[in-house]
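Report on one structure; see the data block that follows.
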Amino acid sequence: MLEIHIKVTGGELPDIGSAEVQRRLRGAAAGHVRKLLHDHLAARPGRSYWKEAAEATEVEASGGQYTVAVHQRGVALHYYGGTVKPTGRISSVTGKPIKRLLIPFDDSPLRKQKAELYELGIDPGDMFVLKKPARAILAAKQGSGVLMLGVLQPQQKFDADKTVLPTEEAMRQAGAEGANEAMNLLNL
Amino acid sequence: MPEYGKRYIERQHVTAVSKSTRAWDRVDAQVRERAFFMAGVGDARRLAAFKRVAAAIANGEMSLAEGRRHVREALAASGYVPAEGEEGGLHDLRSRRRIDLTLQTNVDMARGWAARRQALEDITNPGQELYRMKDARVPRDWARRWQEAAQAVGMEGVAPDGSWRALVTSPIWVKLSRFGYAYPPFDFNSGMRVRPVSADTCRQLGLLEGEWMEEMDRQRNESLNQGMAVDVSDMDAETLGQLDEALGAVANVRGGVVEMADVNGTKPYSAAALGALLREDLPGEIPNLQRDALELWDDGALPEEAEPVLQDLFHRVEPEKAPGDLYRVTQMTPEEMATMERAGYTPPAGEQAAAFSPRQATGKGNVVLKWQGARKARDIGALLKALGREPEKALHLLRGARLKVVAKAEGADGTITYTVQDA
C-alpha cells in the first residue's frame with residue numbers, strides 16, 4: 001500500500017465560498033488527480049497488476065494537501081525501493097523455516113498462474129536445487145524432463161522507481177484544473 | 001487517510017446463513033450489500049476469516065496469493081473438511097477457484113464502491129462510461145445487457161446515442177448489475193469497469209438537467225445502512241429467522257422489515273439516540289469504530305487516520321436550535337480576524353469541532369465569538385455523557401461549517417466581540 005501527501009497552495013485550491021462550495025472544489029480537484037493517477041498506472045506495462053493498482057486508487061483533498069493512496073500490495077516497494085528478505089515463516093512445502101526467496105522465471109508456472117510454490121502440487125521429493133556458478137535454481141522433475149521454477153536468493157533488492165506515480169507537479173496541475181472547472185460550473 | 005475500500009468490507013456484518021447463490025439472489029440487494037456472506041457457508045468463524053483477508057487485500061496489505069494461504073490456514077485451524085465428492089471444486093472452500101472468486105469479488109466490490117464514493121464528489125465528471133478493463137475468457141454480451149438495462153430504467157440519465165455512458169447517479173448501473181449494486185463489478189469474474197465522463201460531454205448528451213448536483217450529493221451522503229428498512233416479508237420464515245439471528249444487534253427484523261441500526265455509518269439520529277447506539281456492545285467481529293474514535297478525541301489522542309470516522313459520527317448528530325446565544329473565547333491574529341471578517345468563521349485547521357458554551361465565556365483570548373440564533377449546533381457532549389464521561393456543557397460547530405460575521409464590537413479591555421450567525 002502506498003500513500004503520499006502533496007501540499008497544495010491557495011492558488012491551486014482557492015479558499016473561497018461556503019463549506020459546500022469548498023467541498024465541491026476539493027472533490028473536483030481530487031477527482032482530477034485520481035483520474036490522472038488511474039490512467040498513469042493503467043498504462044504501465046504488464047498484464048493485470050498495474051490495472052488492478054489503478055482500480056485501487058483513492059485521492060482526498062483536505063487540510064491543504066492531497067492524500068494519494070494506492071491500495072495494492074507491492075506498489076510502495078516499487079516506488080520507494082527496498083530489500084525483501086525471507087520472513088522465516090514455516091514453508092508449506094518443506095515444513096522448515098524459509099531461508100531464501102524464490103524469484104520465479106518469466107515463464108515459470110509460479111508467475112503464469114500467480115501461485116505460491118505449495119499450490120503447484122509438486123511432490124517435495126521431486127524438487128531439487130541446481131547449483132550453478134553465482135546462483136542457485138529451484139527445479140522439479142516433471143515426467144522425463146525438468147521444470148525450472150526460479151532462482152533462490154537470500155534477498156532481493158528493488159531500486160526506487162518514482163515513475164510509478166505521475167510527478168507531484170503533474171498531480172498539482174490536474175487538481176488545479178479540476179478546481180477551476182468546478183468553479184466554472186458553480187459560476188464563481 | 002482515504003480508505004473507503006477497506007471500510008466497505010469492515011462495515012459489512014458477517015452473516016452466516018447457509019443458503020445457495022440462488023437463494024441469496026432472492027434476498028434484497030440492500031441486505032446483501034451490508035452482509036458478508038458466502039453461498040452455502042453457515043460457519044461465522046470461517047466467514048470472518050474470509051472477511052478479514054478480503055479487507056486486508058482491499059487495503060493493499062496482502063496479495064491475493066498471500067490471502068489464499070491465510071484463508072487455507074484458517075480453514076485448517078477450524079477443522080474444515082469439504083463434503084465428500086466436492087474436493088477441489090467450487091464448493092470446496094479450500095479450492096483456489098472458490099477462494100479467488102470470493103476474495104476477488106469482495107475486493108473488487110470494495111474498490112468499485114470506493115471509486116463511486118469519489119465519483120459522487122466530483123461535479124466536473126458527473127458521468128461515467130462502461131468499458132472493458134480486463135479480457136475475459138468468455139465475454140458476456142454487454143451490448144445486449146446495456147440496451148436492456150437502459151430500456152428498463154426508461155433511459156433515465158442514460159446517453160441517448162447508444163454509447164455506454166450515463167450519469168453516475170443513473171439507475172442503469174443498478175439494473176446492469178447482477179448483484180443490484182450501483183458499482184462494478186457488475187457480474188462474477190467480470191473485467192468491465194467504469195471511467196469518468198466530463199460535465200461538458202454530459203451536457204452535450206443532454207444529461208445535465210434539473211438538480212443533478214444535488215442528486216450526486218444525496219447519493220454520496222448515504223452510508224451503506226442509512227435509511228435502510230427493507231421489506232423482507234416475502235422471505236421464507238426459516239431464512240428470516242436465520243437472518244434475524246445472524247444480524248444480531250446491528251439490525252432489527254420486525255414485522256417483515258429489516259431495519260439497520262447503521263453502526264459506524266451515517267444515519268442521522270438525535271444526540272441522545274446516537275449516544276444510546278454508541279453505548280451498545282456489538283457482535284464480536286464488528287469494531288465500534290465511531291465510539292473508539294470519540295473516546296480518543298476526548299482524550300486528545302485521535303490519530304489522523306481516525307479523523308474521517310470521527311467526522312462521520314459528528315455529522316450524523318442532528319443539528320439543533322440552541323436555547324440562547326453561544327460563546328467561544330479564542331486567540332486570533334489581526335490577519336486571522338481579517339480573514340474571518342471576509343470569509344466567515346470556521347473551526348481552525350486541526351480541530352474536529354469548535355466548542356461553544358451557553359454561558360458568557362471567560363478564558364484566555366482576545367476574541368469572543370457570540371453565536372446568535374444557532375441552528376447548526378451539535379450536542380457532541382451528549383455522546384460523551386452516554387459513554388460515562390463528563391464533558392463541559394457546550395454545543396459544537398463542526399469542521400467545514402461556516403458562520404458569517406454580522407457585527408463587531410471592541411470592549412474596554414481590548415477584547416473584540418464578533419457576533420456571528422449561521423451562514
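We name chains A, B, ... by the order of the sequence lines, and we start the count at 1 in each one.
Contact annotation for A:S62: neither backbone nor side-chain heavy atoms come within less than 4.5 Å of a heavy atom of chain B. Of the atoms belonging to B:D135, not a single heavy atom falls under 4.5 Å from chain A. For A:E119, the part lying under 4.5 angstrom from a heavy atom of chain B is the side chain only. Contacts of A:E177 with chain B are absent, with no heavy-atom separation under 4.5 Å from either backbone or side chain. For B:L120, no part lies near chain A; criterion is any non-hydrogen pair under 4.5 Å. Residue contact with chain A, scored on non-hydrogen atoms closer than 4.5 Å, involves the side chain of B:R72 exclusively. Looking at A:A115, the atoms closer than 4.5 Å to chain B (heavy atoms on both sides) sit in the backbone and in the side chain alike. Of the atoms belonging to A:H32, heavy atoms from both backbone and side chain fall under 4.5 Å from chain B. Contacts of B:A65 with chain A are made by both backbone and side-chain atoms, with heavy-atom separations under 4.5 Å. At a 4.5 Å heavy-atom cutoff, the contact between B:M213 and chain A is made by backbone and side-chain atoms alike. Using a 4.5 Å cut-off between heavy atoms, B:M133 contacts chain A through both its backbone and its side chain. Contact of B:Q104 with chain A is made through the side chain alone, with heavy-atom distances under 4.5 Å. For chain B, the nearby part of A:R34 is the side chain; its heavy atoms alone come within less than 4.5 Å.
A donor and an acceptor atom, one from each side chain of A:H5 and A:T67, are located under 3.5 Å apart.
Counting heavy-atom pairs closer than 4.5 Å to chain A, the top-ranked of the candidates B:A115, B:A343, B:A114 is B:A115.
Within the 4.5 Å cutoff, side-chain heavy atoms of A:L36 are placed close to those of A:M171. In this structure, A:K51 and B:R193 have side chains that are not in contact, with every pair of non-hydrogen atoms separated by 4.5 Å or more.
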